[in-house]
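Here is how names work: the chains are called A, B, and so on, in the same order as the sequence lines, proteins then strands, and each is numbered from 1.
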Protein chains: 2
Amino acid sequence: MQSTHLREHNLSAILIALAAASTTSTPTSRAGLAKLTRLTKPTVSKLIEELVDADLVEEGAPLSIGAGRPMVPLTPARGTLLAIGLEIAADHVACLGIDLAGRVLSHRVEYLKVTAASAEEAIDLAAELVGEVRAEAGDPPVVEVVVAVPGRIAPDDGRVLSAPNLDWTEVPLVRRLLDHPQLAGLTVRAQNDNRLSVLTEIDQRPGESFIYLRGSTGIGGAVVIDGALMTGAHGWAGEFGHTVIEPGGALCRCGRRGCLEAYVSYHALRERAGLGDDTLIEDLVDALALTRDRAEVIGLIGRSLGFAIANALNILDLTTVVLSGYLAPIAEELEPVVRETVERHALAIEAGPVLIERSDGLTDPALRGAARAALQSVFSDPGAWIGREPSIPAR
Amino acid sequence: MQSTHLREHNLSAILIALAAASTTSTPTSRAGLAKLTRLTKPTVSKLIEELVDADLVEEGAPLSIGAGRPMVPLTPARGTLLAIGLEIAADHVACLGIDLAGRVLSHRVEYLKVTAASAEEAIDLAAELVGEVRAEAGDPPVVEVVVAVPGRIAPDDGRVLSAPNLDWTEVPLVRRLLDHPQLAGLTVRAQNDNRLSVLTEIDQRPGESFIYLRGSTGIGGAVVIDGALMTGAHGWAGEFGHTVIEPGGALCRCGRRGCLEAYVSYHALRERAGLGDDTLIEDLVDALALTRDRAEVIGLIGRSLGFAIANALNILDLTTVVLSGYLAPIAEELEPVVRETVERHALAIEAGPVLIERSDGLTDPALRGAARAALQSVFSDPGAWIGREPSIPAR
DNA sequence: CGTTGTTAGTAAGGTACCGTAACTAACGGC
DNA sequence: GCCGTTAGTTACGGTACCTTACTAACAACG
């Protein structure tokens, strides 16, 4: 490591510690940050001064707690930077702008049957929403734009390889977005919506390790180790949807047999119960419970999930499972069934209980996650947002 | 990060880069290390000087390659430090001493039916071997002692919780070893033998990501991501032995049904074929081939492995599988069967071929891995081995 | 056989960053 | 009003690294 990088490293560490502390509603001072980061007070003071000058950190009014000189509470600056999340879903396009503090500056949703429209149309709409969000937020500098798409995305150039729910194949999404004046000159990245949803969950559970399962039209998932999303060789580690839970079992959309997704996804459950395709995902379980015993429905879903989870826990040796999407509202119902199945199959049980928890259920996790991902570059390299800006040395 | 740590970080980076480079038999100079670590030549020179003074790095005779001033080749020092690996296996106790360069300084094996003897006896023998190895190596400073045990180990105090193949339960291994004069004052750690075996494989594949499967009395395994061993919540991530491959299938030693280990471990295969318990692990497949068609044996093993591997690949999104233990010699035979099974079940296939490779098959991987693990602290904190030694600041 | 070009390594000085020690600021409690 | 306590600043010094420029040692070429 070069000594220039030391400064950037410490700036980043301080900003990250500050952001983490301010989500806990504990006011944080320079002295507090010094303890958290194990740097000395003068060092923190000097670095904080630069962050304040660069409008990345805000000072509050002095605040007295107990004896001693009152602290000057610090928070990530509000409204000075804009991180933009976009979401292109089957029935809507949405855009969310947040600042460093994670506060929503602007939010726009337009309903659009994307499958019925052309990709161009959806992308035009998305760009338009970006323009509106930027304007409403007061047109501060934009950090980055991250687009959530329900499909597979080429890691190199942000092409959408396939997005079945949108009827998209080979759409050069990022390139097309960059053609629009509202996004000219910005950094734009595309990511799978499920993977971005996890970021929202990671925010709620900083530093934890868990398996994330999201029930949606398909089954998405992810593996989080110590607060870091596992990627894998192609970026789809933790996609539990196509874990085989019954060799030679039900036919899956992917062409194989016995995948988890062939049993507990919205599509699979709806079709097997003969429900119409106007059934909303959030109403799925209630609708199923009308066609047969609710306990039976929960049992089917729970046992299928449990089997997939058991295998994952065996391989990963983790203890926490977070259920999201349409699985979140029924997490408490599922818990005993899943737990029983997991305990029958998983070795890790011997080490203690497996926790099966519901996602904190914030709305629009993919959209929030996208905006959150757009923020990331500021935290990992605040130096780039300060006047000096050596950050990327010429080579 | 504090500025004192910068030096340690860079010392460590240089030593690690040097060690990595010298395994590739490419002679490396100060200038070469400067390029590898992205530090400048003067910085590398100064740090290397300290490492040479501390006997951690050796200079060779100047070596001319092409034009320009000849380089001074550098290598990790040989014979100046001793890292000790111990192995306690069912039928022997072994001790290996290596230096920074990974060269074997001394090696001792004593055959002992550990199950027939007391734990005390085995531990006494181990300590004795350590004494002999230290003496033969010329009694240089000992870095650390790492003990490989085929069982589960308490992470905090190195107690062996259970080691079925040794008939051990609750043996305070590390504490007892420290009682012996040969190990007085040393740092001693215990680790599962399979997990240490992986370290030997990681050495051969620096920076790679792969799944490791080791056929032995049981089935051990591990997950390696970018050259780092995944641990999990309790340190047994990647223990594929108890992945369920057939719900409600064959009864396993662990009390559950359908585990991988109940099909392809030495014990399971031997017993199902009615072979005597004097069959050696390395002869297992040949012996099985006498009782029935060899293709059938390979097919059984391959399909079972393939199913477990497919699930793991789906979850982890990796592309390489390394077979070790008794599986290594038959890796080429297994490959088509495993590949076919994996391709039928694994999603990741769509991204390209899955590589099923054999371990490089060094003898005694667990013992080597233990010695290698004992070396680790030098590489991660060379500062502690240099006169200055601030390393662990008082708190 | 000297000249030129190339690469390895060293020397000297400067700079950036952080840490230490001591100080001021601002409060509560007695 | 004094004292103890905590927040934050100032001044200074040390450490580590970088830049620039140099020397060392070789190959290739005419």
Tell me the closest heavy-atom pair linking A:A137 and A:L105, and the distance in Å. CB-CB, 3.9 Å

Does a side-chain N or O from B:N10 land closer than 4.0 Å to OP1 or OP2 of D:dA16, or not? no

Rounded to whole angstrom units, what separation is found between the CG atom of B:L33 and the P atom of C:dT7? 18 Å

In this structure, which one of B:L56, B:L81, B:L100 forms a side chain to side chain contact (heavy atoms under 4.5 Å, CB included) with B:P76? B:L100

Considering only heavy atoms, which members of residues 62-74 of chain A lie under 4.0 Å from some atom of DNA chain D? A:A67, A:G68, A:R69, A:P70, A:M71, A:V72

Does A:T43 have a side-chain nitrogen or oxygen under 4.0 Å from the phosphate oxygens OP1 or OP2 of C:dC18? no

Atom-pair distance (CD1 on B:I48; C1' on D:dC17), nearest Å: 16 Å

Please determine if a side-chain N or O atom of B:S45 lies less than 4.0 Å away from the OP1 or OP2 oxygen of C:dG9. no

Salt-bridge test for A:R372 and A:E201: reply yes if a basic N is under 4.0 Å from a carboxylate O, no otherwise. no

Is a donor on one side and an acceptor on the other found under 3.5 Å between the side chain of A:T200 and the backbone of A:G369? yes

Which residues within residues 11-27 of chain A lie with some heavy atom under 4.0 Å of an atom in DNA chain D? none

Grab the CD-P distance between B:E49 and D:dC17 for me, whole Å please. 13 Å

Check: A:G97 main-chain N/O paired with A:S106 side-chain donor or acceptor under 3.5 Å: no

B:T187 versus B:E144, side-chain donor and acceptor atoms under 3.5 Å: no

Nearest whole Å is fine: how far is C:dG13 P from B:K46 NZ? 13 Å

Quick one about A:S377 and A:S380 (side-chain donor to acceptor, distance below 3.5 Å, no hydrogens or angles considered), yes or no? no

Separation between CD1 of B:I14 and CZ of B:R30, rounded to the nearest 0.5 Å: 10.5 Å

B:S29 side-chain N/O to C:dG9 phosphate OP1/OP2 under 4.0 Å: yes

D:dT19 C1' sits how many Å from B:L39 CG, rounded? 15 Å

CD of B:E8 versus P of C:dC18: gap in Å, rounded? 16 Å

Can you measure B:H5 atom NE2 to D:dC17 atom P for me and round it to whole angstrom units? 13 Å

Give the rounded distance in Å between these two atoms: NZ of B:K41 and C1' of C:dT7. 7 Å

Contacts of A:T231 that satisfy side-chain contact (heavy atoms from CB on, under 4.5 Å) - sequence neighbours left out: none

Name the closest nucleotide to the B:T40 side chain, picking from D:dC18, D:dT9, C:dA11. D:dC18

